[in-house]
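For reference, the structure is listed below as structure tokens.
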Amino acid sequence: MTTASDHNKKLFIETVGCQMNILDSELVVAALKNQGYELTPDVAEADTVLFNTCSVREHAEHKIYSALGRLKFSKRTRPDQVIGVLGCMAQKDQELIFKKAPHVDLVVGTGQLSEVPRLIDEARTSRLRGLAVSLDRKEGTRLEVSSSFQSYDPLREPQMRPSPYQSFVRIMIGCDKFCTYCVVPMTRGPEQSRPPVDILRETELLAQQGVKEVTLLGQTVNSYKFTQDGKVWRLADLLAAISEIPEILRIKFVTNYPKDMTRELLLAIRSLPKAARYLHVPAQHGCNDMLAKMKRGYTIEQYREMMARITEVLPDAAVSSDFIVGFCGETEEQHQKSMDLIREFRFKNSFIFKYSERPGTKAASLFPDDIPDDVKRARNNEMLELQNRISEEDNAQFIGREVEVLVEGFSKTAQKTGHHADHGPGQLTGRTMCDRIVVFDGNPRLTGTLANVRISDVSSTTLLGQMVTYEQQTTPGSILPILS
Ligand code: SAH
Ligand code: SF4
Ligand code: F3S
């Protein structure tokens with residue numbers, strides 16, 4: 001019999017889905033590294049193969065089921081391999097995963113991730129399948145269901161993080177908004193805010209470890225609410241408390257829910273220079289009938305009022321959005337209303353998705369998915385083209401201006417061409433306070449510091465420029481020579 005210790009401890013992990021999943025994978029990998037595992041990019045070499053999955057659209061699920069299909073034969077020659085499916089699809093499909101892919105050893109939902117190391121060991125020693133999922137939303141009282149979804153936020157060690165300067169920090173799990181098209185309230189369970197004391201302890205530790213920028217994560221971060229010692233904490237309070245941590249230079253927060261974008265929150269952001277001037281507040285659609293059918297809880301008029309509040313309080317903030325095209329019954333005229341909304345608000349960028357019917361959602365049971373795929377595709381492309389044109393036009397306003405960038409490291413191009421290998425100066429990338437990507441030449445030692453870049457050219461996604469000067473964060477006030 002194989003024991004848990006006589007395997008090669010090589011771990012392959014594939015992650016799809018949102019930032020919440022990226023954070024979950026990071027934490028699972030850290031826990032396994034603590035037990036001696038090493039990451040490998042080669043699935044054939046790995047004795048442990050994990051998929052952290054997403055169910056938000058059918059395509060994301062197909063991708064994982066095909067990857068699992070490919071492993072079926074390799075497992076015949078490598079019976080010691082342990083294959084695990086984690087995350088949203090694990091919570092949603094549960095036993096069905098074993099039926100569709102009998103060579104899978106463990107299925108672990110979003111609310112049970114702390115169980116992963118133990119379940120891997122058990123699968124390896126006993127060869128029995130492991131299933132750890134939370135309760136379905138109708139399987140118990142709200143309290144029972146909520147407590148079956150455990151937020152997985154162990155404290156991280158510096159060497160376990162992919163970036164030493166940036167980190168996600170979860171402030172909420174789950175969602176109670178129940179937009180009719182969306183599977184997330186099922187896969188992530190009831191909305192639960194984490195205690196501020198835990199969030200702050202985690203952020204302080206990350207700051208001591210060198211983190212300069214935190215991104216607070218939640219499905220609707222601006223709905224954050226937690227009562228601690230008689231005080232009600234909202235997102236604004238968290239932003240203020242984290243701003244007090246000297247090492248933290250920037251605080252981002254995604255995703256925002258339009259209805260909860262209050263004036264108080266906007267005023268708080270204005271008073272806090274470290275809070276990002278970037279608001280991701282998905283509109284989803286430009287037509288009131290569609291918004292009602294989606295049960296988004298606001299009208300276009302209310303969204304417009306929110307945008308007016310943002311422009312009034314935070315005129316420099318960049319706003320980005322998500323849109324769904326081809327939702328049930330969407331007419332050409334209704335689609336054009338979404339197009340008009342993009343023209344009206346000129347979002348910094350928009351994530352555009354073709355509607356994908358999700359079993360178990362209200363929309364799947366109430367409305368037929370009746371827009372043909374080629375129409376969805378055409379509407380998607382039309383919208384993308386419009387948004388890209390607007391993004392490029394608005395980016396062009398930065399030409400000649402100087403922006404402050406938090407340097408993230410070598411650009412994708414530098415990494416692809418191998419230019420980064422000698423660690424000398426090369427093409428770097430970073431982001432502005434309003435989340436615009438900036439590419440410029442400089443010394444990689446600048447990673448994790450703020451640099452000033454003068455913009456000379458733009459595309460719809462990127463600003464290009466030359467560095468002007470930079471300040472060393474460790475010795476405030478000392479200006480190093482011009483490098484460009
Ligand atoms: N909590 C975030 C979004 C989570 S899902 C929010 O409410 O803004 C990310 C995006 O996926 C959504 O904003 C929506 O645009 C898209 N999406 C969700 N369900 C979808 C579906 N069934 N088909 C297509 N797109 C979907
Ligand atoms: Fe899904 Fe709506 Fe919740 Fe966002 S707010 S996760 S779209 S149900
Ligand atoms: Fe997907 Fe789950 Fe995120 S369904 S989008 S991975 S919350």
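Whatever order the structure lists them in is the order used to number ligands and atoms, beginning at 1. Keep in mind that this is a model prediction, so the values were computed, not measured.
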Do [X] and [Y] meet the criterion of a side-chain donor-acceptor pair at a distance under 3.5 Å?
{"X": "Asp260", "Y": "Ser223", "value": "yes"}
{"X": "Arg161", "Y": "Gln209", "value": "yes"}
{"X": "Asp153", "Y": "Ser151", "value": "yes"}
{"X": "Ser167", "Y": "Arg156", "value": "yes"}
{"X": "Gln219", "Y": "Glu191", "value": "no"}
{"X": "Thr429", "Y": "Glu408", "value": "no"}
{"X": "Thr361", "Y": "Tyr181", "value": "no"}
{"X": "Glu382", "Y": "Gln336", "value": "yes"}

key: Protein N, O or S within less than 2.8 Å of atom 2 (Fe) of ligand 2, waters excluded   =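 The answer, once waters are left aside, is Cys179 SG.
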message = Looking at every heavy atom in both Phe178 and Lys295, which two are closest together, and how far apart are they?
response =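 So the minimum-distance heavy-atom pair works out to O-NZ, 3.7 Å.
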task = Taking only Lys NZ, Arg NE, NH1 and NH2, and the carboxylate oxygens of Asp or Glu, determine whether Glu344 and Arg304 approach each other closer than 4.0 Å.
result =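 A salt bridge is present here (some side-chain N lies under 4.0 Å from a carboxylate O).
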key: Asp340/Arg343 ion pair, N-O < 4.0 Å   =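 The answer is yes: the pair qualifies as a salt bridge.
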inquiry  = Closer than 4.0 Å to some heavy atom of Gln219 - which atoms of ligand 3 meet that?
reply    =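 This gives 7 (S) as the contact atoms.
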key: Atoms of ligand 3 close to Asn21 [distance to a heavy atom under 4.0 angstrom, numbered from 1]   =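 Result: 6 (S).
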Identify, for [atom], the protein heavy atom at the shortest distance, and state residue, atom and that distance.
{"atom": "atom 2 (Fe) of ligand 3", "answer": "Cys88 SG, 2.2 Å"}
{"atom": "atom 7 (S) of ligand 2", "answer": "Tyr181 OH, 3.4 Å"}
{"atom": "atom 1 (Fe) of ligand 3", "answer": "Cys54 SG, 2.3 Å"}
{"atom": "atom 4 (S) of ligand 3", "answer": "Ser55 N, 3.3 Å"}

ask   = Can you tell me if NZ on Lys138 sees more than 12 non-hydrogen neighbours from other groups inside 6.0 Å?
value =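 No, NZ of Lys138 has 12 or fewer neighbouring heavy atoms, counting only those of other groups under 6.0 Å.
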task = Identify, with sequence neighbours excluded, every residue that meets ring pair (Phe, Tyr, Trp, His ring centres under 6.0 Å) alongside Tyr355.
result =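 Once residues adjacent in sequence are excluded, the partners of Tyr355 under the ring pair (Phe, Tyr, Trp, His ring centres under 6.0 Å) criterion are Phe327.
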ask   = Phe351: what forms a ring pair (Phe, Tyr, Trp, His ring centres under 6.0 Å) with it, not counting sequence neighbours?
value =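 Scan of Phe351 (ring pair (Phe, Tyr, Trp, His ring centres under 6.0 Å), adjacent residues dropped) gives His280.
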message = Against ligand 3, does Met20 come closer than 4.0 Å with any heavy atom?
response =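 Flag not set, Met20 not near ligand 3.
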ask   = Applying a strict 4.0 Å limit to heavy atoms, is Gln19 in contact with ligand 3?
value =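 Checking ligand 3 against Gln19, which is what was asked, there is no heavy-atom contact under 4.0 Å.
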Distance dump, ligand 1 polar atoms to protein, N/O, under 3.5 Å:
unit_1, atom_1, unit_2, atom_2, d
ligand 1, 1 (N), Gln219, O, 2.9
ligand 1, 1 (N), Gln219, OE1, 2.8
ligand 1, 11 (O), Arg57, NH1, 3.1
ligand 1, 13 (O), Gln284, NE2, 2.7
ligand 1, 13 (O), Asp322, OD2, 2.5
ligand 1, 15 (O), Gln284, OE1, 2.7
ligand 1, 17 (N), Arg57, NH1, 3.4
ligand 1, 22 (N), Tyr181, O, 3.0
ligand 1, 22 (N), Ser356, O, 2.8
ligand 1, 23 (N), Ser356, N, 3.0
ligand 1, 25 (N), Arg57, NH1, 3.2

task = Indicate if the distance from atom 2 (Fe) of ligand 3 to the nearest N, O or S atom of Cys18 falls below 2.8 Å.
result =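 Checking Cys18: none of its N, O or S atoms is under 2.8 Å.
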